[in-house]
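Keep in mind that the numbers below use all heavy atoms, side chains included, and drop hydrogens, waters and symmetry copies. Here is the naming used below: chain letters follow the sequence lines, and residue numbers restart at 1 for every chain.
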Amino acid sequence: MSTLVIVESPTKARTIRNYLPRDYQVEASMGHVRDLPQSASDIPENVKKEKWAKIGVNVEADFEPLYIVPQDKKKVVKALKDALKGADELILATDEDREGESISWHLLQLLKPKVPVKRMVFHEITEDAIQRALSDCRDVDVQLVHAQETRRILDRLVGYTLSPLLWRKISAGLSAGRVQSVAVRLLVTRERQRRAFRKGSYWDLKAELTKDKTPFEARLVSVGNTRVATGADFDESTGQIITGRQVLLLNEEETRSLHDRLSDRPWTVANLEERASTRKPSAPFTTSTLQQEANRKLRLSARETMRTAQNLYEQGYITYMRTDSTNLSQQAIVAARSCVEQMYGKEYLSPQPRQYTTKAKGAQEAHEAIRPAGSSFRTPQATGLSGRELSLYDLIWKRTVATQMAEARQTNVTVQLQVEDATFRAAGKRIDFPGFFRAYVEGSDDPNAAIENQEVILPRLQVGDHPECTELDAIGHETQPPARYSEASLVKMLESEGIGRPSTYASIIGTIIDRGYAQLINNSLIPTFTAFAVTTLLEKHFPDLVDTSFTARMEQTLDDISTGEADWLPYLKEFYLGETGLESQVEEREDQIDGREARAIDLEGLDTKIRISKYGAYIEQETEEGEPRIINIPQDLSPADLDAEKLEVLLTRSEQTRPASRHKRSDLRVLQWSLRSLRAAWRCHGRQSQAETRLAASRCDALTGNV
DNA sequence: CAGTGAGCGAGCTTCCGCTTGACTT
């Protein structure tokens, strides 16, 4: 008697083997074992001639998918088949979510077991939980599998019908998809806002005061009874005060004269307000919050974070790192609470065990939150880890332990000071009890908020006191455009809209950079000219698909399919074949869209049209003789940098160099040849160097374009 | 005659989500 158990990850296989009877063999599927063909070389000979072969879905035959075993999974499948030969029972123990259920179903289809089959699910890897799961098996949930297939097919239909449209209208090799196109659009929308942004400036006064030898700071808030304007009072599109706001906008001169008028006048404490507040620790880490925090505090990219977390997971330091759940097991809560007691003392323990509910849209919660592994947590020092691994473990340990610590209690103090007709305000903060602050304070994307959890001590003040003003300064400010997305803030945004999954957040960013839609510079994602062109086209012709709500609506339908409230076939038919379905839309737009127009980019504040060619952006102008002239835009110049001034520089520079006839035809040949071999090289060596190939190709084009 | 180059046509590019190694950029 022997039983074959199949899980998704080899690490998990190793761990649960210890909790199962001796004659149980545990193997890993390494994720999905079958999929639609990814590229033409994956399509089997016998269907290659079919017109639906490329898309991998036979739409006319009720969207029948063409499944193949990808090249890198053939070994795994063979190993599983061999293992099954010696078994007289099969237990499918893949994750309990849509994808996991689907993996089990595909395994059944592939392995065609002749022995009894059971489906087992567990959320915690403890002996107790595994034993319970073993005695509580069920069948594969076919409805959940249908939901996964629907998701898979829909993504394929979107990606493989829209991308070719982009090849024909904009540039070969481009891509569009339910997730990436929304991500790119977010970047472009933000960049448009930044271009449309008009900065405003305002002035105010900062006072340094002392009382009983304790210094503190106060800011001007109103003069007479009129509030002084701050950044929030400006209209971003005009750089002027929002119409109707009753505020006092001070310029430099007015502020300086106010400064002179107030200098050496007596200051009086007019009002004093104290407000107690409490703060709760943040929920334990999910994939997305871990990526965000590691980016903010350790400056790691999403990919670096995941690689390091994977190492920690494989060495048994942390639980699974791809999760959307904030749930902590009982074991984890007990371990965290004992850590708190030992390291900080009983008074730092939260009175009740704290459990968090997952707020993210569309969360599937097949795993626990990310936390230190085991039933007692090793302190970071005790792990023997170093470098990145230590830092990341430390972050995870602190965040987890903090969840079981007491709330922090603080008192916010606001003081109003009067000098002549001017009112100043000073704000302070006392931490009455640090609670979880002792272990962990969440980072922030906003640098101004970074000091939030520090104490700001004000002296003891009473209404009627006269503190001494030691310094009064006039300070000029400018309003700032909305910040670009960083990797972390893009992931946060996508997750909050339910777009993408824990296993894909890191690669989404990789994809949009690789396809030439964005550059990552100083931790900011900057969209390219191509991104502007593609986003504009998609917004104009497929607005629903690039709307952030599309995925949320799809998820709702998938949920309904998994519970049996909706059928998958009518949904796909409506989406793809319906009157306004994707197929007819693409066909219709094929004629409507003028490629030349689609390759042109309108940028706010620029009269010149920017056009994109296959390998870069250029400006088209007429020379004095009426001949069209092409000026290439350097690859490292992003749409964001291209203002009227930069444009002028580009135009005059190209006027001066005018390389036109200096290249011989033979030079041109060499260049074209190297371009071809570059492209060939890229096809052989895989995608990673695609962005570099583009860069090299654009340089070639920059030379050839001027001949 | 061998090598080269122009010209032509065929074939390919692409999605999202689940998992690791195998690699040398």
task: Please state whether the rings of Y320(A) and Y313(A) are parallel, tilted or perpendicular, taking 30° and 60° as the class boundaries.
output: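 Judged by the thresholds at 30° and 60°, the geometry between Y320(A) and Y313(A) is perpendicular.
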In whole angstrom, what separates [X]'s [atom1] from [N]'s [atom2]?
| X | N | atom1 | atom2 | result |
| --- | --- | --- | --- | --- |
| Q148(A) | dT19(B) | CD | C1' | 14 Å |
| I43(A) | dG11(B) | CD1 | C1' | 11 Å |
| K48(A) | dG11(B) | NZ | C1' | 9 Å |
| D97(A) | dC16(B) | CG | C1' | 14 Å |
| R156(A) | dG17(B) | CZ | C1' | 12 Å |
| E314(A) | dT20(B) | CD | P | 6 Å |
| E27(A) | dT19(B) | CD | C1' | 15 Å |

message: Taking Watson-Crick (N1-N3 plus N6-O4 or O6-N4) and G-U wobble (N1-O2, O6-N3), each under 3.5 Å, can you produce the dot-bracket string of DNA chain B? Use [ ] for crossing pairs and | for inter-strand ones.
response: .........................
Report yes if a side-chain nitrogen or oxygen of [X] is closer than 4.0 Å to either non-bridging phosphate oxygen (OP1 or OP2) of [N]; otherwise report no.
| X | N | value |
| --- | --- | --- |
| S29(A) | dT19(B) | no |
| R98(A) | dC18(B) | no |
| S175(A) | dC15(B) | yes |
| Q180(A) | dC15(B) | yes |

- prompt: Do other residues, nucleotides or ligands put more than 12 heavy atoms under 6.0 Å from the CD atom of Q592(A)?
  reply: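 Buried by this count: over 12 neighbours within 6.0 Å.
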query: Is a side-chain donor or acceptor of Y571(A) paired with a backbone partner of L558(A) at a separation under 3.5 angstrom?
result: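 No; judged by distance alone, with no hydrogens or angles, the pair does not exist.
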query: Can you find a donor-acceptor N/O pair under 3.5 angstrom joining the side chain of R322(A) to the base of dC18(B)?
result: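 A donor-acceptor contact between them is absent.
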field: hbond_proxy R151(A) side chain to dC16(B) base (donor-acceptor, 3.5 Å cutoff)
entry: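 Indeed there is one.
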- request: Look up atom CD1 in I601(A) and atom CZ in R611(A), then write down how far apart they are to the nearest 0.5 Å.
  value: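 One finds 10.0 Å between CD1 of I601(A) and CZ of R611(A).
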- prompt: Does dT13(B) have W167(A) stacked on its base, where the ring centres are within less than 5.5 Å and the planes differ by under 30°?
  reply: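 One would call W167(A) stacked on the dT13(B) base.
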Within 45° cone and under 6.0 Å: R156(A) NZ/CZ vs Y160(A) ring: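 Checked: cation-pi criterion met.
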